[in-house]
Visitor: 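Below you will find the structure I want to go over with you.
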Amino acid sequence: MKAVVLAAGKGERLRPLTDDRPKVILKVANRPIIEYVLENLDPFVDEFIVVVRYEKGKLIKALGDEFNGKPITYVEQLPGEGTAKAIESARKHIGEEEFIVANGDIYFEIAGVKDLIGAFRREKADAALLVKEFDDLSHFGKIEVEGSLVSGVKEKPGKVPGYANLGVYIFRPEVFEFIGKTPVSKRGEYEITDTLNLMIGSGKRVTYAVYSGYWNDIGRPWNLLELNEYILKNRLRHEIRGIVEEGATIVPPVEIGEGTVVRSGAYIVGPVKIGRNSRIGPNCFIRPATSIGDNCHVGNAVEVKNSIIMDGSNAPHLNYVGDSIIGENTNLGAGTITANLRHDRGNVKVEVKGKLEDSGRHKLGAIIGHNVKVGINVSIYPGRKIGSNSFIGPGVIVDRNVPPGSLLIV
Ligand code: TTP
């Protein structure tokens, strides 16, 4: 069986982290998100077809031409937006067999795929989709069922409980006929949920499997922190491949990559993952649920908690990085602090595609893009975003979002 993985989207809700790259290559626990998808599909498939468009060169470079020895074929999305269009783009690579489709920006576990294939075969279905029960479906497509079959898909039904569509499907090649008939939706996209409704309307058997494991849809920046915490808490093995100097304290589980040096006085409380060739300490405090990439520097008198620091970035002197995401090759000046808690203890709100959204989090720090230079003694308000390639001068108070390529001086 082949797997089609959808990775052509612009990831606009994840700006500034997607200013210059597709979201599926952003690293969580030091691994591109899409690799978790491929890993969980791997036991069931013999080839991956990855649908690309936005910044496709970076995706192809990051993922390469095989995964676990199985070939990856890249196809460019046909003109037009939406998941149905993305699936249609893989048509010429699909033979006569059924195939799996998964969004490239979600996290799910292997049991879901196994149950989905089981339901598809048991029901001799024409299509199958993975669902999960939630109390509030306002952000999801609601899957309505009758017995073992799906009776309809309703987009964003409001604050009601029910089954949500998780973005993992099995189709037979006949789906392409229905995709061809799928009209453009209100938001201007060809959506696979509309295709499913067309299939159901013409008497096709669409079944489902209920998934009870962990799932996350990486749409907004704080989803990266949620997934990072989940992976570190549930999948991290204690393994020290770097050098830990005498006088450093490591509370397992902590993974430290080759070439990384942890200097005396560093106090690291797992789960924490640190990549290769990074410099940690002396005298720093790295608290749980933190991922630090390759070639990073976390130096003297720096505290980091519940954060993602991507490859090549530095928090070198007297910094506090809490509940924050720092993109690649970004530098924090000495004394730069991220605030992660509002004085009124309310949930931190973040601007996403021009609208202020409640992150649902009490604690959320800064979201900083790639190649940013932050000067000394910069204070960043909770939930503020700094666009990639920006320069923030010394002493600036970042109380609003900073567009990419900005120069900000007091
Ligand atoms: P979305 O998360 O709905 O879209 P997106 O990735 O563009 O993000 P944003 O809304 O923040 O801009 O996409 C769901 C999945 O489908 C995701 O894996 C990307 C993929 N996709 C495509 O491959 N092509 C498309 O045209 C769209 C809209 C999504």
Side-chain angles (χ1 to χ4, degrees), residues 3-26 28 32-38 40-41 48-56 58-60 62-63 72-91 93-94 99-108 129-130 137-141 153 155-156 164-169 171 175 179 182-196 215-224 226-227 325 350-355 357 359 367 369 385 387 404:
V4 177
V5 178
L6 311 184
K10 291 197 204 80
E12 284 181 279
R13 291 165 300 157
L14 264 184
R15 297 276 159 87
L17 300 161
T18 49
D19 280 339
D20 64 351
R21 64 197 71 194
K23 75 169 140 180
V24 301
I25 64 165
L26 293 174
V28 170
I33 298 166
I34 194 169
E35 284 194 12
Y36 296 109
V37 177
L38 300 189
N40 287 316
L41 296 174
F48 298 100
I49 298 160
V50 178
V51 183
V52 297
R53 182 195 279 163
Y54 176 68
E55 294 289 352
K56 63 178 177 182
K58 288 185 180 152
L59 202 164
I60 295 168
L63 206 54
I72 301 177
T73 304
Y74 294 96
V75 297
E76 171 120 24
Q77 181 165 323
L78 296 166
E81 299 302 318
T83 43
K85 207 32 103 182
I87 297 169
E88 190 183 15
S89 314
R91 185 174 193 164
H93 297 275
I94 301 293
F99 58 101
I100 302 186
V101 172
N103 292 353
D105 60 348
I106 53 176
Y107 183 92
F108 55 93
L129 57 158
L130 199 62
L137 293 181
S138 14
H139 289 295
F140 298 104
V153 187
E155 265 313 314
K156 314 262 157 60
N165 173 19
L166 299 190
V168 189
Y169 317 84
F171 293 110
V175 70
I179 289 178
T182 303
V184 70
S185 69
K186 270 194 230 128
R187 56 173 180 176
E189 294 186 7
Y190 296 92
E191 316 212 18
I192 197 63
T193 44
D194 290 334
T195 310
L196 284 162
W215 175 84
N216 206 323
D217 174 15
I218 309 302
R220 295 159 173 84
W222 56 89
N223 299 133
L224 292 165
E226 292 162 3
L227 181 58
I325 305 171
V350 180
E351 196 184 303
V352 176
K353 276 180 95 173
K355 278 201 200 120
E357 282 197 24
S359 69
I367 301 135
K385 305 202 268 188

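Since we're looking at a predicted model, the values are computed, not measured. In listed order, ligands and their atoms are each counted from 1. Worth knowing before you read on, the calculation uses all heavy atoms, side chains too, and leaves out hydrogens, waters and symmetry mates. Just so you know, residue 1 is the first one in the sequence shown, and it goes up from there.
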Visitor: If the test is side chain to side chain contact (heavy atoms under 4.5 Å, CB included), which one of L38, I60, V5, I49 qualifies with I72?
Guide: L38

Visitor: Is the charged tip of K10 near the ring of Y54: under 6.0 Å from the six-membered ring centre and within 45° of its axis?
Guide: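 No, K10 and Y54 do not form such a contact.
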
Visitor: In this structure, which one of K85, K56, R53 forms a salt bridge (Lys or Arg N to Asp or Glu O under 4.0 Å) with E76?
Guide: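 Single salt bridge (Lys or Arg N to Asp or Glu O under 4.0 Å) partner of E76 among K85, K56, R53: K56.
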
Visitor: Describe, in one word, how the ring planes of F140 and W215 are oriented to each other, choosing from parallel (under 30°), tilted (30 to 60°) and perpendicular (over 60°).
Guide: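 It falls in the tilted class, 30° to 60°.
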
Visitor: Could you pull out every protein residue that has a heavy atom closer than 4.0 Å to ligand 1, ordered by chain and then number?
Guide: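 Within 4.0 Å of ligand 1, the protein residues are L6, A7, A8, G9, K10, G11, E12, R13, K23, Q77, E81, G82, T83, A86, N103, G104, D105, E189.
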
Visitor: I want to check something: taking the side chain as every heavy atom from C-beta on, are F108 and V168 in contact at a cut-off of under 4.5 Å?
Guide: yes

Visitor: Do D105 and L6 have side chains that approach each other closer than 4.5 Å (heavy atoms only, starting at C-beta)?
Guide: no

